[in-house]
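Notes follow once the structure below has been shown.
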Amino acid sequence: MKHVKIYSTPSCTYCNLAKEFMKSQGIAYTEIDVAADPVKRKEMIDLTGQMGVPVLDIEGDIMVGYDEERLKELLAV
């Protein structure tokens, strides 16, 4: 199974959709709350060059935003 990190904020609708998708597919993920963790927020900005969430890191494949079809491709589900 691929390792997935989701950079998110608690109030982000698309972040919640991404997490619900992962749960519905039985895919474990690490959630990183960039609203509460300034070090991880900087890590996300350095990774993407922007502050938008969600950011999904799927073993080095970076996706900004929520795109279910792209997620299915990256996760092979």
Side-chain angles (χ1 to χ4, degrees):
M1 178 126 333
K2 293 189 176 187
H3 182 258
V4 178
K5 290 193 281 188
I6 302 176
Y7 297 85
S8 65
T9 62
S11 61
C12 169
T13 300
Y14 292 105
C15 299
N16 292 330
L17 286 172
K19 291 181 273 189
E20 286 301 317
F21 173 81
M22 295 297 172
K23 290 175 190 171
S24 75
Q25 298 298 312
I27 298 168
Y29 62 90
T30 301
E31 181 178 358
I32 301 165
D33 181 354
V34 297
D37 188 334
V39 172
K40 291 297 185 179
R41 180 171 50 244
K42 182 178 181 331
E43 177 181 288
M44 178 193 77
I45 294 167
D46 290 346
L47 191 62
T48 65
Q50 63 179 24
M51 291 184 63
V53 289
V55 171
L56 291 93
D57 180 345
I58 303 167
E59 294 189 354
D61 287 318
I62 306 301
M63 186 174 90
V64 179
Y66 176 70
D67 179 339
E68 189 173 315
E69 292 306 312
R70 180 75 176 129
L71 271 177
K72 287 177 180 178
E73 288 174 22
L74 291 172
L75 295 167
V77 293

(request) Quick one: pull up CE in M44 and CZ in R41 and give me the separation to the nearest 0.5 Å. (result) 8.0 Å

Mind listing the side-chain donor-acceptor pairs of residues 21-32 below 3.5 Å, one per line with the distance, residues two or more places apart or on another chain?
{"unit_1": "S24", "atom_1": "OG", "unit_2": "F21", "atom_2": "O", "d": "2.8"}
{"unit_1": "E31", "atom_1": "OE2", "unit_2": "K19", "atom_2": "NZ", "d": "2.7"}

(message) So, taking the atom named CZ in R70 and the one named CG in L75, what distance separates them when rounded to the nearest 0.5 Å?
(response) 10.0 Å

Residues 57-66, side-chain donor-acceptor partners within the protein, below 3.5 Å, at least two apart:
{"unit_1": "D57", "atom_1": "OD1", "unit_2": "G60", "atom_2": "N", "d": "2.8"}
{"unit_1": "E59", "atom_1": "OE2", "unit_2": "H3", "atom_2": "N", "d": "3.0"}
{"unit_1": "Y66", "atom_1": "OH", "unit_2": "E68", "atom_2": "OE1", "d": "3.0"}

(request) Please confirm whether the backbone N or O of A76 pairs with a side-chain atom of K2, one donor and one acceptor, at under 3.5 Å? (result) no

(message) Under 4.5 Å between side-chain heavy atoms, counting indirect links through other Ile/Leu/Val/Met/Phe/Trp/Tyr residues: same cluster for V34 and Y14 or not?
(response) no

(message) If I take atom CG from residue D33 and atom OH from residue Y7, how far apart are they, to the nearest 0.5 angstrom?
(response) 13.0 Å

(request) Calculate, to the nearest 0.5 Å, the distance between atoms OG and CG belonging to S8 and L17 respectively. (result) 12.0 Å

(request) Taking all non-hydrogen atoms of both residues into account, name the closest pair between P54 and C12 and its distance. (result) CD-SG, 4.0 Å

(request) Verify the neighbour count for atom NZ of K42: are there more than 12 heavy atoms of other residues, nucleotides or ligands below 6.0 Å? (result) no

(request) Determine the minimum heavy-atom distance between T9 and C15, stating which atoms define it. (result) N-SG, 3.8 Å

